[in-house]
Amino acid sequence: MGFLAFWAIRDARKTRLPFLAYFAANFYVVYGLSTLSEQRLMTVNGPAYVSDQARTMAVWACTLALGIILFTSKLTLTLGRHAGKNIARVLPPGHISRHRGAMRIWAVAVLVLHGVTVATRANPSAAWAFALGLLASPILVQTLLFTEWRTSKAHSSRNWFWGFTLATVSLGLASGALGGAVAPLLCVFILLWQGVGRVRVGPVLALVGLGLLFNPAKMEYRQKVWQATEEVSFTERAGIWAEAIENAWGGERPDVEGNLDATRKRLSEIAFVAQVFDWVPHYVPHSGFVRWKMILYSYIPRAIWPDKPLLTRFFNADYALAFGLQTAEGVETTAINIPLVTEAYWTFGWAGVVIASLLVGLLLGLYEGAFAPSRWAMQALGMTFLLSLPTVGHLGTFYMGIAQRVAVGVAVLWLIAGIAWVLAANRRAA
């Protein structure tokens with residue numbers, strides 16, 4: 001897995017967004033690097049035994065999956081370039097400098113919307129979070145601000161980019177979801193590599209620091225903020241973070257090993273993959289293609305099909321219940337993501353692993369071919385897809401919502417272009 005990830009990273013080019021390199025690196029960290037440390041799998045009945053044979057099979061299954069994904073992605077690069085040309089036809093034309101004022105207005109609107117959401121909804125529903133992420137994507141705005149800065153070389157543009165990045169990281173921390181704080185830093189890392197051509201150490205150290213410092217303290221923070229009966233101000237949230245970090249890392253003898261182990265477990269999913277080789281089909285039968293059929297159903301609007309089943313239930317909840325990871329009450333409040341290889345083997349054995357990997361590889365090849373960074377609007381839209389790629393997620397997380405993401409992303413870009421046109425018209429009238 002490490003060799004395949006290194007090969008994908010070396011194969012990355014500045015002329016295309018690094019979908020394959022990004023996915024391969026994350027895949028290796030979660031399923032390959034995590035094999036260096038032991039992880040105990042906890043079920044509702046206590047620790048679950050996972051055999052050494054199952055762990056070995058899990059590693060080989062993940063290696064096979066990554067190899068198939070990287071190989072098959074090459075088959076659709078050309079097709080992706082043709083698809084990208086069609087997408088580019090519906091994107092706003094013109095130089096990015098003409099949209100500078102509109103982008104800054106939209107950046108403020110995005111921060112206000114996310115700030116209000118964080119302040120009033122401590123733990124929003126998955127549907128609301130998905131809709132908010134589409135309509136007011138911080139990654140899209142962050143990419144636009146970066147591209148305008150690199151084009152104009154203006155100090156004000158640089159300040160807008162870094163200010164927006166700092167604000168989104170702060171809002172991510174205030175929400176208690178570290179993913180919201182990590183994503184802007186990952187975006188910075190990729191954009192700097194894409195625009196400058198070299199890897200910057202700063203974003204990497206910031207990512208590592210975030211994980212080591214905040215991850216052991218996040219459960220205490222979430223308990224105090226998410227379960228609060230009244231709204232918690234941002235100043236109070238900062239104080240709660242400071243107290244939680246102090247409790248996790250302070251004292252005369254802080255539990256350094258325990259804190260590091262908590263972070264290692266957060267980045268380790270190999271035990272969840274290994275479990276499926278011990279349990280299927282001895283305790284849990286193969287499920288068949290029932291979940292994959294729901295991917296097609298997901299494109300039917302709920303307005304047309306009001307009784308459309310909740311897809312989270314079909315994927316994550318059924319998995320957690322079948323493998324004893326959660327109780328029926330637990331799945332109502334917390335979702336455990338089912339890894340791609342786990343779901344694929346549960347579906348149809350080794351054939352399922354091959355089929356799922358093939359489908360993911362074809363899609364990633366399409367993405368990398370389509371979203372060429374040579375055009376500012378295409379790069380911004382592509383980055384929203386890149387940073388939403390799941391490392392731990394079933395096949396449906398790759399294919400569901402594609403049309404919605406493209407449609408809403410194009411609409412937002414045209415909205416920014418419309419604001420720019422209004423501003424230009426007002427300047428001419430003045």
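- Side-chain atoms of E368 come within 3.5 Å of backbone N or O of L20 as a donor-acceptor pair.
- With sequence neighbours excluded, the residues forming a ring pair (Phe, Tyr, Trp, His ring centres under 6.0 Å) with F161 are F146, W149, listed by chain and number.
- In terms of the ring pair (Phe, Tyr, Trp, His ring centres under 6.0 Å) criterion, Y399 has no residue partners (sequence neighbours excluded).
- Residues meeting the ring pair (Phe, Tyr, Trp, His ring centres under 6.0 Å) test with W292, sequence neighbours left out: F289.
- The shortest non-hydrogen separation linking G393 to F398 is O-CE1, 4.0 Å.
- A ring-ring contact (aromatic ring centres under 6.0 Å, His included) with W346 is found for exactly one of F323, F315, F272, namely F323.
- Taking the side chain as every heavy atom from C-beta outward, E343 and L395 approach each other to under 4.5 Å.
- T76 contributes no side-chain N or O that, together with a main-chain N or O of L79, makes up a donor-acceptor pair within less than 3.5 Å.
- Looking only at distances, no side-chain donor or acceptor of H114 sits under 3.5 Å from a matching main-chain atom of S137.
- The main-chain N or O of V353 is found under 3.5 Å from a side-chain atom of S357 such that the two form a donor-acceptor pair.
- Residues forming a ring pair (Phe, Tyr, Trp, His ring centres under 6.0 Å) with Y22 (at least two apart in sequence, or on another chain): none.
- The two residues P184 and A181 come nearest to each other via the heavy atoms CD-O, 3.4 Å.
- Side-chain N or O atoms of R98 include none that pairs as donor or acceptor with a backbone N or O of A420 at under 3.5 Å.
- Within the 3.5 Å criterion, the main-chain N or O of G176 finds a donor-acceptor partner in the side chain of R222.
- Shown here for A8 and L70, the closest heavy-atom pair between the two residues is CB-CD2, 4.0 Å.
- In this structure, N337 contributes its side chain and N316 its backbone to no donor-acceptor pair below 3.5 Å.
- For R158, the side chain to side chain donor-acceptor pair (under 3.5 Å) partners at least two apart in sequence or on another chain are H155.
- Listed by chain and number, the residues in a salt bridge (charged side-chain N to carboxylate O under 4.0 Å, His left out) with R100 are E148 (sequence neighbours excluded).
- Residues W414 and V90 come closest through the heavy atom pair NE1-O, 2.6 Å.
- Formation of a donor-acceptor pair under 3.5 Å by the E236 side chain with backbone atoms of S233 is found in this model.
- Without hydrogens or angle criteria, W226 side chain to S175 main chain gives a donor-acceptor distance under 3.5 Å.
- Remark: side-chain polar atoms of Y221 are paired, donor with acceptor, to backbone N or O of A174 under 3.5 angstrom.
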